Number of protein chains: 2
Amino acid sequence: MQLTKGVEQAICIIVILSTQDKNVPLSSNEISRRLEVSPSYLKKIIRKLVVKQIITSVPGNNGGLTLAKSVDKIKNLEIIEAMEGPISMFPDTGLIEKAFKDGEYAEKGMDVLRRMFSRADQLLIEFFSSQTVADLLKESFGTTDIPTLNWNTASLSDVLREKKGEKK
Amino acid sequence: MQLTKGVEQAICIIVILSTQDKNVPLSSNEISRRLEVSPSYLKKIIRKLVVKQIITSVPGNNGGLTLAKSVDKIKNLEIIEAMEGPISMFPDTGLIEKAFKDGEYAEKGMDVLRRMFSRADQLLIEFFSSQTVADLLKESFGTTDIPTLNWNTASLSDVLREKKGEKK
DNA sequence: TCCATTATGGATATGTGATATCCACATACA
DNA sequence: TGTATGTGGATATCACATATCCATAATGGA
């Protein structure tokens, strides 16, 4: 019972974008370099987040990605469901119905397990929707404003400022 | 984020055994017939439950399976962990560390996600350990004493009684 | 208009783990 | 001794996550 790697990857993408100047899109290739994941694969992850309007994409020259909303508006549940669909713990194959094939218990038997697990689903939904990405950052770093300087490579915005001859 | 089918299968096995006379072992082949799962596969599922001392197995002629304890002593968490190991939602690949490769945030960054998800794990552990198989049966059927008669085939105990010339 | 850069989305390969089956063997009882 | 059973290892199959590539469209700048 594990979340997919995709959830971890998605969160990392969002955390990286959270350090990015909103006016300067970051290319998915740059993110792929930082996370050491292949560009083509990363784009697939990103598309799921774009569809759910968690991040915004602009194609073309000087295009790229920005967060569609601030980190305190992005619920952790959103990210999980963007990657995996609705939370549903129970792999309902109808096996329990075979156990109660005949007799008065047949119809009720179908609900035994579903009921318990949908309650567990609800528990997780409440838990993950009560927190945002901002909460994660704040709890770990004491701030949601992580300077771009800490990245291992110069940020795209730095590069662009330099191209334009601006100083930081 | 789903439990494996094995959990569903394990619960069905336990529910079937709960209707069985404790003194008359039920063969895994009979369970496999009822659930329409191959005998050899079902034995593998069963072995996991035997190792965790949830069910008891007796080899040899007239051997078979019985519950190692009553259904009100079998926590649902036990079953899940017997099949899947300890509950752990987060597929920790260390990706977040690549995002925070350098700088003061590197060490703290490692904990961002782990902390949240271990709290989610704890939530599930508490939920599933607060319930037993008896609770499931009681909630759905109003009783934990489901008569063997409702099975689609005659139970092994009936067959054995007949062999011995006993009447029900 | 042309070029470079970027996202889009389909096709496809790879890998991993769940699912499933079979077989040789040990055990128990009649 | 024979039959019925569980044990445990080897292995096959399948689903799905993971990963890559390629053709295409979109965008901005020269």
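All values derive from a computational prediction rather than experimental measurement.
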- request: Spell out, as yes or no, whether a donor-acceptor pair under 3.5 Å connects the side chain of B/E30 to the backbone of B/S27.
  value: no
task: Quickly work out the B/L42 CG to D/dT5 C1' distance and round it to whole Å.
output: 14 Å
Test: B/E8 and A/K98 ion pair at under 4.0 Å: no
- prompt: Between atom CG in A/L49 and atom C1' in C/dT8, what is the gap in whole Å?
  reply: 15 Å
query: Where along nucleotides 10-18 of chain C does protein come under 4.0 Å, by heavy atom, of base (B) or sugar-phosphate alone (S), with - for untouched nucleotides?
result: -BB-----S
- prompt: Between C/dA20 atom P and B/K48 atom NZ, what is the distance in whole Å?
  reply: 12 Å
query: Considering only C/dC29, C/dT19, D/dT27, which nucleotide approaches the side chain of A/P59 most closely?
result: D/dT27
message: Below the 4.0 Å mark, does D/dG6 have OP1 or OP2 next to a side-chain nitrogen or oxygen of B/S27?
response: no
Candidate nucleotides C/dT6, D/dG6, D/dT27, ranked by approach to the side chain of A/N29 - the nearest: C/dT6
query: Tell me: CD1 of A/I31 to P of C/dA7, nearest whole Å?
result: 8 Å
Phosphate OP1/OP2 of C/dT6: any A/S28 side-chain N/O under 4.0 Å: no
query: Could you state the interatomic distance from OG1 (B/T4) to CE (B/M83), rounded to the nearest 0.5 Å?
result: 6.0 Å
message: Below the 4.0 Å mark, does C/dA20 have OP1 or OP2 next to a side-chain nitrogen or oxygen of B/S38?
response: no
message: Working to the nearest 0.5 angstrom, can you tell me the gap between A/Q2 CD and B/M89 CE?
response: 9.0 Å
- request: Give one of base, sugar-phosphate or nothing for A/E84, where a contact means two heavy atoms less than 4.0 Å apart.
  value: nothing
message: What is the distance, to the nearest angstrom, from the NZ atom on B/K43 to the C1' atom on C/dT21?
response: 11 Å
